[in-house]
Amino acid sequence: MTVKIWNFFPREALYECYQCARCTGSCPAIEVAPALGPRETILKCLNLGHDEIVEDERLWVCCTCNVCEDRCPQKIPISDLLVALRNSAARRGNIPDKLEIAIELLAKTGRSMIVHQLDEMRAHHGLAPLLPVPIDEVREILKKTRLDEVVEF
Amino acid sequence: MKQALDDLHKGSNSKDLRIGVYVCHCGKNIGGTVRCEEVAEFAGTLPNVILAKDSLYTCSEPGQEQIKTDIREQKLNRVVVASCTPRLHEPTFRAACESAGLNPYLLEMANIREHCSWVHLHDRDAATDKAKDLVAMAVARAALLEPQFELTVPVKRSAMVIGGGVAGIQAALDMADAGYKVYLVERTGSIGGRMAQIDKTFPTMDCSICILAPKMSEIGRHPNVGLLTLSEVKEVEGHIGNFKVKVLRKARYVTDGCTACGDCIHACPQLAPDEFNAGLSIRHAIYIPFAQAVPSRYAVDMNLCLNNQGIVACDRCFQACTRKCIDFAEQDQILDLEVGTIVVATGVDVYDPTALTELGYGRFPNVITTLEFERLINAGGPSSGELIRPSDRRRPERVAFLQCIGSRSKRSNPYCSNVCCMNTIKDALLIKEHWPETEIFVFYIDIRAFGKGFEDLFQRARREGVTFIRGIPGEIIEDINTGDLTLLGENTLLGSSYRYRMDMVILSVGIRPRSDASVIQRLLNLSTDTDGFYMEAHPKLRPVDTTTGGVFLAGAAEGPKDIKDSVTQASAAASRANILMSRGEVRIPAVTAKINPDKCSACGLCAKICPYHAIEGSKEQGYYRVIEAMCQGCGACVPECKFGALDQAHFTEAQIVSQINQALAHSPERKIIAFACNWCSYAGADFAGVSRIQYPDNVRIIRTMCSARVAPDWIELAFLKGAGAVLVSGCHPSDCHYNNANQNTAKRVEKFWKRMEKLGLNKDRLRLAWVSAAEGTQFAKVIKEMEQGINKLTPLQIEETKQKLAKRPSKKGEPV
């Protein structure tokens, strides 16, 4: 299913970019992680259209520390762009396996990681076992965000 | 001739009106959108119109000839030209009328280009209908026009230049050489300005002070120049040709006898950072700004000196001075100058990059600005021209320049600062010239080498080994042990990230308007553009004039520019001022207010609000009168009169009412009546046209000189006629071209809102908007918003407004 990202991000803001690269230059992860970088992301959106980007798995590398947005001289809401792109990407099936597993887990157990081994450890430290999660409620919230359209659970 | 003119005007006073209408195609500018033939044909059917023609270019020689011929042969006594904005060609057509023997004030223009064809590009029908409406309004007004005779006022043959940088120096010299007395007012202790601080100029690599110093000394010895340093303009009164200026001349505490020997400084115990060296060295409380200073005299900085407030606690400098030139008793003085023209050359500040914390300026000693670098590499600077880095005074081997610091950014200055690219290239070459083994990296976004000789210099720098890297570093990290700097960023052309270790980083900072630019702006009633620089009267054709008559702009105060452009503009400003002074007189537009003594009850309300104190009189005298030479023609007094005794020439009550009536003759409920002041809002609407910003076609703009001329009666009349909405727009508060006359506008509109509120009417239908000449977008936005309001209106609401407002019949001129 195609979602036009311009419903979620003002396309006009892209034209503010003059490719000074302060954003990618500020990125604390760019030297070690195979990420796209905000500058390239914006340039590709402008020149190639966002279809090109939403197919790219490097979209998921960023951990949204937002330093790029903080330093952008043109105040481009870079994190909003990333959220819009990821929404679109996920709906086209471009979503990392690990994220898919985490969502599935969240929907089934109410937690994004497996925790049953933790009970033993907690008991060892004298802590009470974790309370059960109201799974139905969690599933309802997830469905309201229409995450079930992206990942089956 | 005079007799003939009188006859003509007598004719015009009777019902014998003969109006000629000329609809201009302006090539495709109007003709591409408006069906001009149809408009002309329509104009022919209007009352009193004897002939109506359309022509390709009415402003052309044949176009003007046609008007002249028709005036003579068809005995036209009114001319209506439907073309561009009157701010452009009104003088042209007035001159044409005058040369054919018609009083120039019997011309009326309909603005069907900026206010019609350019803003309704995609709707030929709507644009044509609107053009017809505008022409009909113009014809209605033309019928009521009366001949006016302009007053001639003498122009004093003396000038004042504010600011002693290179622009001010050039302007002062040009006017002084032409034979006029010039007062050069400079705030600091010496003239020279920014150019004196710079080491070399681009693209020729001349020594900056070497070429400036001769001009500075010429100022010092020119018999026609009165040089006032340590002086500030405090008050400006009067008008074109006749300004009365008060200048505060601060005490220097050092008399004329000073030979600048420098014996005093060694005696002085007080120290402070040296402003001229960008804070990189220290100076004493008694100091001379720099070696080549003009006047070549020391001065005492009383903020630093121990002898504050007249108490002499330390006299070491006095003892050291062999010529006894130090006088602590000296007082600040107020000087009264009378000048005919003023040139504003107040220059610029540099951007302070402290706010960009990721670059570490202010925290890392080896990160400096370009201005600091200029002083470092200058032989007269703190390091005697040795390039050293501040942390360890070692010569840097790897130097980085960062471009666009504080420029082209929504976080600081949105504009390009114009000079930084070439300045950096020049600086890089300077380093290469002295220490060729230095590695230089320039981090840039775009290199803008647009001027004569600029590209050559850029290519030379590349060949000399300067590395240009596209991509501004995102972060600078300092090694606290060595003071070295690591630059992290992305090379956008290679698409790879970089990490460079540098010994020193130079931030190529942008330039910005003076932080106190608003002081001079208010004193002289100037406008500023959205970036805060002083605005020229027309960006293309009157680039050194301001909207205030007799005041001209020179140098970077008008916008970022390099030395050559500043000097060019200074000469242009001087030449414009010289025209006024050599002619010795100037004609004042005949738009002054007039009081009918028979109706005047001598209440004095008008005199109270006149921003120019141009109305005199008293209860005893029985009436008030307008002093015509002092009246600037804002018209603020007219709506103030409760007795209808006041009116403004060429913007009479009857003329404007005729425009309102005509504008609302058809489907008034769809219409927006917009009153716009000549200087800001009308110009802002023009600017929307020039920028081709499209907005709804139902607005009808009526021009007044100042928004304060807008009478509450007119607003009421518009609503009584069933207008959908009314807009009153003027200059931003404090930007008013008539000494804040527009504060009356705000008061009157607020009063009308209150009345609407009391009557239970929707007060959103009356809007007050401040629109400057640069805010075309803002004007369009306001109109779009008002259009949305109109769309929600019901016929019932309009009828209700009519009835409720009509209940209290307001007397002529009575404020509601």
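All values derive from a computational prediction rather than experimental measurement. Each chain gets a letter, A, B and so on, in the order the sequences are listed, and its residues count up from 1.
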More than 12 non-hydrogen atoms from neighbouring residues, nucleotides or ligands closer than 6.0 Å to CG on A:Asp97, yes or no?
-> no
Under the 3.5 angstrom rule, does the side chain of B:Arg411 hit a backbone N or O of A:Lys75 as a donor-acceptor pair?
-> no
Just wondering, more than 12 heavy atoms not from A:Lys44 lying within 6.0 Å of its NZ?
-> yes
Check whether more than 12 heavy atoms from other residues, nucleotides or ligands sit under 6.0 Å from atom CZ of B:Phe687, and answer yes or no.
-> no
Compare every heavy atom of A:Gln19 with every heavy atom of B:Thr492, then report the nearest pair and how far apart it is.
-> CG2-O, 4.0 Å
Interatomic distance, B:Glu358 atom CD to A:Arg71 atom CZ [nearest 0.5 angstrom] | 4.5 Å
Which of these, A:Thr24, A:Ile30, A:Val32, sits in a side-chain contact (heavy atoms from CB on, under 4.5 Å) with B:Ser497?
-> A:Ile30
Under 6.0 Å from the CD1 atom of A:Ile114, do we count more than 12 heavy atoms belonging to anything else shown?
-> no
Within a radius of less than 6.0 Å around CD of A:Glu57, do more than 12 heavy atoms belonging to other residues, nucleotides or ligands occur?
-> no
Between A:Ala21 and B:Gly471 the two heavy atoms that sit nearest each other are CB-CA, 4.1 Å
Part of B:Arg408 lying under 4.5 Å from any heavy atom of chain A | both
Taking all heavy atoms of A:Gln74 and all of B:Lys410, pick out the closest pair and write down the distance.
-> OE1-N, 3.1 Å
Report the distance from atom CG of B:Asp446 to atom SG of A:Cys20, rounding to the nearest 0.5 Å.
-> 10.0 Å
Inter-residue atom distance A:Arg22.CZ - B:Glu490.CD, 0.5 Å rounding | 13.5 Å
